[in-house]
Amino acid sequence: MATRCPSTAIYHLLFSSLLLFFSCYVSGIPVYGAEEGKDGFHSTPVSSLLPKNKCSASARGGSQGLPITQKYGPCSGSGHSQPPNPQEIFGRDESRVSFINSKCNQYTSGNLKNHAHNNNLFDEDGNFLVDVAFGTPPQKFTLILDTGSSITWTQCKACVNCLQDSHQYFDSSASSTYSFGSCIPSTVENNYNMTYGDESTSVGNYGCDTMTLEPSDVFPKFQFGCSINNKGDFGSGVDGMLGLGQGQLSTVSQTASKFNKVFSYCLPEEDSIGSLLFGEKATSQSSSLKFTSLVNGPGTLQESGYYFVNLSDISVGNERLNIPSSVFASPGTIIDSGTVITRLPQRAYSALKAAFKKAMAKYPLSNGRPNENDMLDTCYNLSGTSDVLLPEIVLHFGGGADVRLSGKRVVWGNDTSRLCLAFAGNSKSTMNPELTIIGNRQQVSLTVLYDIQGGRIGFGGNVGPSLKHVAETSGCLQRAVAHGYIALLPQVRVSRSFSALEMSHSHSGQSSELTWSEGEAMEPTEEHAKSLMSSDSSYELDSDESG
């Protein structure tokens, strides 16, 4: 809700408030509202919980690593005009989850000993994209980032059944360093045949060539799949897969000599750009993270390829649910970049759902499920509500790594009439126990660091106390929301090192943006100052942190 300014009599009060805010914001001190931070609730603008259709962040590359975009978001540049509807998203997500569990159960029962280098069963395609290059000179491709896959592949020029909407084809004849077949001594296969959870397939041959992540990160004789026969929809503008699992052929394993099997990512919201970092660039931020240990899951790490951790309990609005850790332990908990909605054992989900409904009791429930594929069953009608008091959800991992979730990491929805708890329970009908899967919706805007050799995963962003009220921080993008303050000030200068600062103004359904570079003075126009006097005006400051 915007701040009413009937006169300039409160100028000095607001000026002092903003100076205090910037002092805290620039120094990194959390800023709390009077009602928030005490009982685990966040006052959140309902509009901030809805998808955005405009890219609001500048690309982060170079020293900040590989830019990550959401496949169907406005920052991806994939040219996809219409993202899939929620039913399609949930249907694909359910296929991926079912596949992961079937694969896990096969390892548990000992019926499948399918080592990573001969893996022909993979998860459904993921939602986040990065650009990498193969060949000499480099040919650039847009690949899906997936921690559940260990094979990296891209579509080749010789494809017979080509990807429907791919932009690029690898031309081996145009590369002076390409060689056909395997170049890793312990692998003998020259061909691969992968089937994904939604029955999409990629078939082709292995080849070896130079892989370029960044100009300073070049890897000769990198083994990857050259796809020539594909079936299914991997998404508009997608050229293949970047496998970040733990198998022998994964990007993590093949770059271990330089990166020591360390990487991190910050998965962005749809209107932002995240980053993928490897090696020292990833570990440079480790001092600010909280770590939990990697643990063994069913089968060996080489067989499953997944990243298992210990989830011990969950809190809602500072209320510990006291779920026995054994509920999450069998068959285990994984962190997955491709699954969208976090899946919990029924006992854990029932406790979470009950606590969430109690915390949201003053808001009306939305009627029914719109579609059988919609697994979200705890939804609210927030039409006409400007701000909602959302309970914070905390995932308690072993070793004291408490991951705090708020905003879009708590709820999902495309319309204010139906905003739902963004968690789901595992199937009630299966005879086999199902994994707890921490999906990407709960990872968005958090820094997640994978230190495989160190046997640990680190979490950053909203791990400790969150910035609230007029300041909100995340691993990808720091966002300050200062309703009704900025235009009253004749000039504001930000001294902290930001690569960009963006101000978005909304007034009576119209929007405009002002953008400043690092260290540049911000001078709102008289027009912006006058429009701020209206009760339906608000300003939002976005800063893309560079240091």
Side-chain angles (χ1 to χ4, degrees), residues 28-30 32 36-42 147 261-267 277 282-297 301 306-337 342-345 347-349 351-352 355-356 359 391-407 409-410 423 435-468 472-476:
I29 301 173
Y32 296 96
E36 300 172 86
K38 295 181 179 180
D39 54 3
F41 286 79
H42 295 211
T147 58
K261 292 190 175 183
V262 175
F263 71 95
S264 71
Y265 56 63
C266 183
L267 303 179
L277 305 173
T283 57
S284 65
Q285 59 190 318
S286 62
S287 61
S288 63
L289 306 182
K290 290 190 176 181
F291 286 89
T292 189
S293 297
L294 284 167
V295 298
N296 292 329
L301 290 177
Y306 300 118
Y307 295 96
F308 282 83
V309 294
N310 282 326
L311 178 64
S312 59
D313 202 359
I314 300 174
S315 291
V316 177
N318 280 354
E319 178 184 339
R320 194 94 175 206
L321 301 185
N322 294 318
I323 303 167
S325 59
S326 59
V327 171
F328 306 106
S330 179
T333 299
I334 66 170
I335 308 291
D336 185 39
S337 67
T342 289
R343 300 307 202 284
L344 298 173
R347 180 174 176 180
Y349 178 68
L352 172 64
F356 188 78
E392 182 179 70
I393 294 178
V394 184
L395 303 179
H396 301 283
F397 292 97
D402 293 342
V403 179
R404 300 178 181 274
L405 308 176
S406 59
R409 292 189 289 270
V410 172
F423 290 76
L435 289 166
T436 299
I437 303 175
I438 308 301
N440 59 48
R441 182 72 174 191
Q442 281 63 49
Q443 299 177 56
V444 163
S445 297
L446 298 179
T447 296
V448 184
L449 184 144
Y450 295 75
D451 180 1
I452 291 89
Q453 289 193 168
R456 59 182 188 164
I457 288 183
F459 300 95
N462 287 359
V463 176
S466 308
L467 301 192
K468 303 178 179 70
E472 185 176 314
T473 186
S474 69
C476 297

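Remember, it's a predicted structure, so these values are computed and weren't measured experimentally. Only heavy atoms go into these numbers, but all of them, side chains included; no hydrogens, no water, no symmetry mates.
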Spacing of [atom1] belonging to [X] relative to [atom2] belonging to [Y], to within rounding of 0.5 Å:
{"X": "L395", "Y": "L311", "atom1": "CG", "atom2": "CG", "answer": "6.0 Å"}
{"X": "R441", "Y": "L267", "atom1": "CZ", "atom2": "CG", "answer": "12.0 Å"}
{"X": "L449", "Y": "C266", "atom1": "CG", "atom2": "SG", "answer": "12.0 Å"}
{"X": "I457", "Y": "L289", "atom1": "CD1", "atom2": "CG", "answer": "11.5 Å"}
{"X": "F423", "Y": "R409", "atom1": "CZ", "atom2": "CZ", "answer": "10.5 Å"}
{"X": "T447", "Y": "L277", "atom1": "OG1", "atom2": "CG", "answer": "8.0 Å"}

R343 side chain to L435 main-chain N or O, any donor-acceptor pair under 3.5 Å?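 Looks like no, no N/O pair under 3.5 Å.
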
Tell me, please, which residues at least two apart from [X] pass side-chain hydrogen bond (donor to acceptor under 3.5 Å, both in side chains).
{"X": "R456", "answer": "D451"}
{"X": "T342", "answer": "Q442"}
{"X": "S315", "answer": "H396"}
{"X": "S264", "answer": "Q285"}

With F397, which residues qualify under ring pair (Phe, Tyr, Trp, His ring centres under 6.0 Å), at least two apart?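 For F397 the ring pair (Phe, Tyr, Trp, His ring centres under 6.0 Å) partners, ignoring immediate neighbours, are F459.
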
State which residues pass ring pair (Phe, Tyr, Trp, His ring centres under 6.0 Å) with Y450; sequence neighbours excluded, sorted by chain then number.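 So Y450 forms a ring pair (Phe, Tyr, Trp, His ring centres under 6.0 Å) with F263, Y265, Y307.
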
What's the shortest heavy-atom distance between [X] and [Y], and which atoms?
{"X": "Q453", "Y": "K261", "value": "CG-CB, 3.9 Å"}
{"X": "A355", "Y": "L321", "value": "CB-CD2, 3.6 Å"}
{"X": "A401", "Y": "K290", "value": "CB-O, 4.0 Å"}
{"X": "P391", "Y": "V316", "value": "CB-CG1, 3.9 Å"}
{"X": "E392", "Y": "H42", "value": "OE2-NE2, 3.3 Å"}
{"X": "Q443", "Y": "I438", "value": "NE2-O, 3.2 Å"}

Suppose we screen for side-chain contact (heavy atoms from CB on, under 4.5 Å). Which residues come up paired with A348, at least two apart in sequence or across chains?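 Only I323, V327, F328, L344, P345 meet the side-chain contact (heavy atoms from CB on, under 4.5 Å) criterion with A348.
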
Got a sec, which residues hit side-chain contact (heavy atoms from CB on, under 4.5 Å) with N310, two or more places apart in sequence or on another chain?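 Residues passing side-chain contact (heavy atoms from CB on, under 4.5 Å) with N310: V295.
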
For residues I335 and V309, determine if any side-chain heavy atom of one lies less than 4.5 Å from a side-chain heavy atom of the other.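 A side-chain contact exists here, since the closest heavy-atom pair is under 4.5 Å.
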
What I'd like to find out is whether the side chain of D336 reaches to under 4.5 Å of the side chain of N440, using heavy atoms alone.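 When only atoms from C-beta onward are counted, N440 and D336 do not touch, as no gap falls below 4.5 Å.
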
Could you tell me which residues satisfy salt bridge (Lys or Arg N to Asp or Glu O under 4.0 Å) with R320, sequence neighbours excluded, listed by chain and number?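 Partners of R320 by the salt bridge (Lys or Arg N to Asp or Glu O under 4.0 Å) criterion, ordered by chain and then number, come out as D313.
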
